[in-house]
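Inspection log for the structure reproduced underneath, given as structure tokens.
Note on naming: letters A, B, ... go to the chains in the order of the sequence lines (proteins, then strands), and numbering restarts at 1 for each one. What you are looking at is a predicted structure, and each value in this text was computed from that prediction instead of being measured.
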Amino acid sequence: MARHHRRHGYPRSFSGAVAKYELKYDGTNFTNRLTALGNLVYQNYEEGISNTYDAVNIAKGVLADLGVPPGQWANYIAFAEELAKYSVKYAGTTLQIRVNALAQYFENAYDANPSVLTQIAQAVLGVSTPY
Amino acid sequence: MPISHTLEEMVAKYTAKMNATQAGTRYGNSKNIAVERYQEGVYPFFANIPRIKNILWNNGVPAAYQGIYFAFVNKLQHYGDKQGGVTLEDIVAALQQEFTTLGADPAVLSQLANLIVG
């Protein structure tokens, strides 16, 4: 097995990372892993996706109620999908900070309407943004 | 609100698509392309690591707090590859604001942004 050069503070060489990826990316191995996992894969998918699915549909309801033009929906749906991730990772004041930061980002980077972001956050998480 | 796909339909599709033999065959068939894309796509992120670490070390950022800056730089790299001009400037400014709210030092963020996207 070739040893890959390591620099101080740099745990893995790029050639080492590529070599690992190449070995891992194997069709037979993937079949074996999925076979071994069985129904767990499908259950995890259902459990994981349901949160995002709900958030997107709630956001669509808010967007429709507010009359946001369809061409602008994708921006807000992306926001809702991020909220769905946060909802399972954070809570309390930490969640509030995370949502505030995300709303700032969507407002400043993509010209999202802060009022719409607030209403989506409230509908999806019950968390308000500082606007 | 009309729903284009129900959750049940999505799970049914995923279950059919992720059949172990079929999924493995797909992976096997696409391996060469996947490895090539991995090399091309991941290299810039990889090359950034030592450059970021130098800035973090020079600013005395504690090891336990360095993760947020790596996340910031990964986002910069992602958007730097996809966007340009004023659109990219807006995104970078928004990311700096977002990460400042999350607890990062704006001075360090600024140095990293200059390094990655100029």
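The closest donor-acceptor contact from the side chain of Gln66(B) to the backbone of Lys53(B) lies at 3.5 Å or more, if one exists at all.
With a 4.5 angstrom heavy-atom cutoff, Ala23(B) touches chain A via backbone and side-chain atoms both. Residue Ser30(B) touches chain A through both its backbone and its side chain, counting heavy-atom pairs closer than 4.5 Å. Only the backbone of Asn19(B) has a heavy atom closer than 4.5 Å to any heavy atom of chain A. Neither the backbone nor the side chain of Leu37(A) has a heavy atom closer than 4.5 Å to any heavy atom of chain B. Neither the backbone nor the side chain of Phe99(B) comes within less than 4.5 Å of any heavy atom in chain A. Heavy atoms closer than 4.5 Å to chain A are found nowhere in Val92(B), neither backbone nor side chain.
When the candidates Gln22(B), Glu89(B), Met18(B) are compared by the number of heavy-atom contacts under 4.5 Å with chain A, Met18(B) comes out ahead. Residue with the most contacts toward chain A among Thr21(B), Val11(B), Thr100(B): Val11(B) (heavy-atom pairs, distance under 4.5 Å). Counting heavy-atom pairs closer than 4.5 Å to chain A, the top residue among Ile91(B), Thr87(B), Val42(B), Asn29(B) is Ile91(B). The most heavy-atom pairs under 4.5 Å with chain B, out of Thr31(A), Leu34(A), Asp26(A), come from Thr31(A).
Considering only heavy atoms from C-beta on, Asn59(B) stays 4.5 Å or farther from Asp105(B) through its side chain.
Salt-bridge annotation for Glu98(B) and Arg98(A): present, with a side-chain N of the basic residue lying under 4.0 Å from a carboxylate O of the acidic one. With respect to the salt-bridge test (charged N to carboxylate O, under 4.0 angstrom), the residues Arg37(B) and Glu40(B) do not qualify.
Donor-acceptor pairing under 3.5 Å is lacking for the side chains of Asn32(B) and Glu36(B).
Separation of the Tyr110(A) and Tyr105(A) ring centroids falls under the 6.0 Å cut-off.
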Residues Gln96(B), Phe72(B); criterion side chain to side chain contact (heavy atoms under 4.5 Å, CB included); working and verdict: CA-CA 8 Å; Gln96(B) 285 182 263; Phe72(B) 175 69; 3.7 Å; yes

